Amino acid sequence: MYERQGALIESPMENVLDILQERGFIQEVSNPERLRELAGRQPITLYWGYDATADSLHAGSVLSLMMLSWFQRCGHRPIALAGGGTTLIGDPSGRISSRPMLTEEDIESNLRGIRPQLEHFLDFSGDRALALNNLDWLKPLHFIEFMRDIGTRFSINEILRLEAYRTRLEAGGMTFLELSYVLIQSYDFLHLNKSYDTVLQVGGSDQWGNSIMGADLIRRVTGGEAFVLVTPLVETSTGAKMGKSATGTVWLDPERTPPYEYYQWFRNIPDADVERFLSLFTYFPMEEVHRLGTAEGTAINQSKEILAHEATRIAHGQEAADGARDAALALFGGAEASESVPTVSIEREQLAKGVPVTELFKLAGLVSSANEARSLIAQGGLSLNGDAVTDARARIDEQALQQGGSIRLSRGRKRHMRVVAS
RNA sequence: GGAGGGGUACCCAAGCGGCCAAAGGGGGCUGACUGUAAAUCAGCUGCGCAAAGCUUCGGGGGUUCGAAUCCCUCCCCCUCCA
């Protein structure tokens, strides 16, 4: 029934909601029984809205993408909705302060960057999945008409009771623009319901309020049924946010975050999270997830390798995943850094003259200041080609280049950079 | 428009003329121990090729030998009143 290496699963016998439930994707569903019944009877169309504030999605979106993928595998039709129009406004959900407003051109180019990332998770061939942009229907809207049709359906009291808006109010208030966000998102749902027969909106748990208002709007306007399903907020058991690393955000764009780092993010999760993450971020059957996730000692450590490799394969492809794994194995085995390891280059002449170690680590981005480098050196936290740096005043020159023509810099045991001369 | 309160480092928060590069907590980082895990313990956490020094307490100006601390002014936030 399942194919381990990610082939499409056509299993009309299995209800996608059961799969999602079992794998831990579901935090809350507006009307679980009805939705399950509907999804078990016929293919449904559902949508997930994403934000267009950057030219890449980040690892936090992977959870939603995996979920859309499961829907597709079970024969349903997912819509990835770009928030081209809503990004012009800024969603207050989950924010203390308002989001920056972007221009239409910025958003346009952001969407071009994101599109290929979606394709790693969804098959857009034929009508199997759709990629839409809400700017297409939001832009032509007329204010008076919108207020008459939609504005009259919302109660301010109701909106202000929503967690997201309450938080913003308590944190210092918001503008009318932000308040109207929920109207617009609801309108999206209504529009997709009318034009594409979309009956379900999925998203992160912070979207619950906005989404449920949309489902209500559909009921009020068309009398039809609409559902909302939200995923839990994924954190590691130690409280680290999904997709945040010491270096910053883990992006899906390989230019921003090399697959090596993506791999390492999964490689370094706590033992306690292995099973949960295998279930969320791979397509492995649950028996295998369970077997790998409950292993102990050395075995659980190997399970992390499998998890990291598979998650990277899904997001970046086979080759990138293999490269990341091999680079990590080599690096942690003490070998010279391979090309998959994030690399910076330094001018050959500059290196020939000798560069202060502190400067070199700064250049590699492993420390943000010479002071930081010094304090790490004092604690034995920086190493060069595997040997701890002991002298903060040392100068490094070409002698440090290894066989392969690179220098390996490490901060702690896990963060490595490769320096080449150019 | 009026009255009051407030803006301190990544976050919370103390300080209210020198002993303040700024207490305390959180977070983060590094080391030891391990399995690239957790827990625990220790250290570090403004910049500077660590030497003098430099820049920081919303912005600008002033008083003073000396200002995060006092004065003026501008900006921003909160509460109440109109």
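Computed from a predicted structure; not experimentally measured. Residue numbers begin at 1 in each chain, while the letters A, B, ... track the order of the sequences.
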Would you indicate which nucleotide in B/C44, B/U30, B/A38 comes nearest to any side-chain atom of A/Ser375?
-> B/C44

Using purine N1 to pyrimidine N3 plus N6-O4 or O6-N4 for Watson-Crick, or N1-O2 and O6-N3 for G-U wobble, both under 3.5 Å, which nucleotide pairs with B/G27?
-> B/U45

Closest of B/C29, B/G35, B/U36 to the A/Asn268 side chain is B/U36

Less than 3.5 Å between a donor and an acceptor, one on the side chain of A/Asn371 and one on the base of B/G48, is that the case here?
-> yes

Which part of the nucleic acid, if any, lies within contact of A/Arg393, taking any heavy atom under 4.0 Å across all strands shown: a base, the sugar-phosphate backbone alone, or nothing?
-> sugar-phosphate

Give A/Thr358 one of three labels, base, sugar-phosphate or nothing, depending on what nucleic acid heavy atoms sit under 4.0 Å from its own.
-> nothing

With a 3.5 angstrom cut-off on both distances, give the Watson-Crick or G-U wobble partner of B/G1, or none if there isn't one.
-> B/C81

Under a 3.5 Å limit for both distances, which nucleotide forms a Watson-Crick or G-U wobble pair with B/A32, could you say?
-> B/U40

Separation of the C1' atoms in B/C11 and B/C57, to the nearest angstrom | 16 Å

Euclidean distance for C1', B/C19 against B/C74 (whole angstrom) = 34 Å

For atom C1', what is the distance between B/G53 and B/U36, given to the nearest Å?
-> 41 Å

Write down the distance separating the C1' atoms in B/G6 and B/A13, rounded off to the nearest Å.
-> 14 Å

For B/A67 and B/C54, measure between their P atoms and round to the nearest Å.
-> 13 Å

Verify the ring-centre separation between A/Tyr263 and A/His309: is it less than 6.0 angstrom?
-> no

Touch check for A/Gln264, heavy atoms < 4.0 angstrom, all strands: base, sugar-phosphate only, or nothing?
-> base

Mapping A/Ile269 and A/Leu382 onto RNA chain B by nearest heavy atom, which one lands closer to the 5' end?
-> A/Leu382

Separation between the P atoms of B/U45 and B/G25, rounded to whole Å | 14 Å

Selected nucleotide, minimal atom distance to A/Lys362 side chain, candidates B/C29, B/G48, B/G35 | B/G48

Side-chain contact check for A/Lys414: nearest option of B/U36, B/C49, B/A39 is B/U36

Would you mind reporting whether A/Met67 and A/Trp48 have side-chain heavy atoms less than 4.5 Å apart?
-> no

Identify which nucleotide among B/G43, B/U36, B/C49 has an atom closest to any side-chain atom of A/Gln379, counting heavy atoms from C-beta outward.
-> B/G43

A/Asn301 side chain near B/A37 phosphate (N/O to OP1/OP2, under 4.0 Å) = no

Could you please name the partner base of B/A13, counting Watson-Crick and G-U wobble pairs only when both distances are under 3.5 Å?
-> none

Assign the ring pair A/His191 / A/Trp137 to parallel, tilted or perpendicular, where the plane angle (0 to 90°) is split at 30° and 60°.
-> parallel

Contact class for A/Ala392 vs. all strands (heavy atom < 4.0 Å): base, sugar-phosphate, or nothing?
-> nothing

Closest to the A/Arg411 side chain, choosing from B/U30, B/U36, B/A39 | B/U30

SB check A/Glu145 A/Arg148 (cutoff 4.0 Å) = no

Report yes if a side-chain nitrogen or oxygen of A/Ser369 is closer than 4.0 Å to either non-bridging phosphate oxygen (OP1 or OP2) of B/C47; otherwise report no.
-> yes

With a 6.0 Å cut-off on ring centres, are A/Tyr262 and A/Trp251 close enough?
-> no

When rounded to the nearest Å, what value does the distance between P atoms of B/U73 and B/G66 take?
-> 23 Å

Residues A/Arg411 and A/Glu372 bridged, charged N to O under 4.0 Å = yes

For A/Arg395, report the nucleic acid contact type (base, sugar-phosphate, nothing); a contact means any heavy atom under 4.0 Å.
-> base

Write down the distance separating the P atoms in B/G4 and B/C72, rounded off to the nearest Å.
-> 13 Å

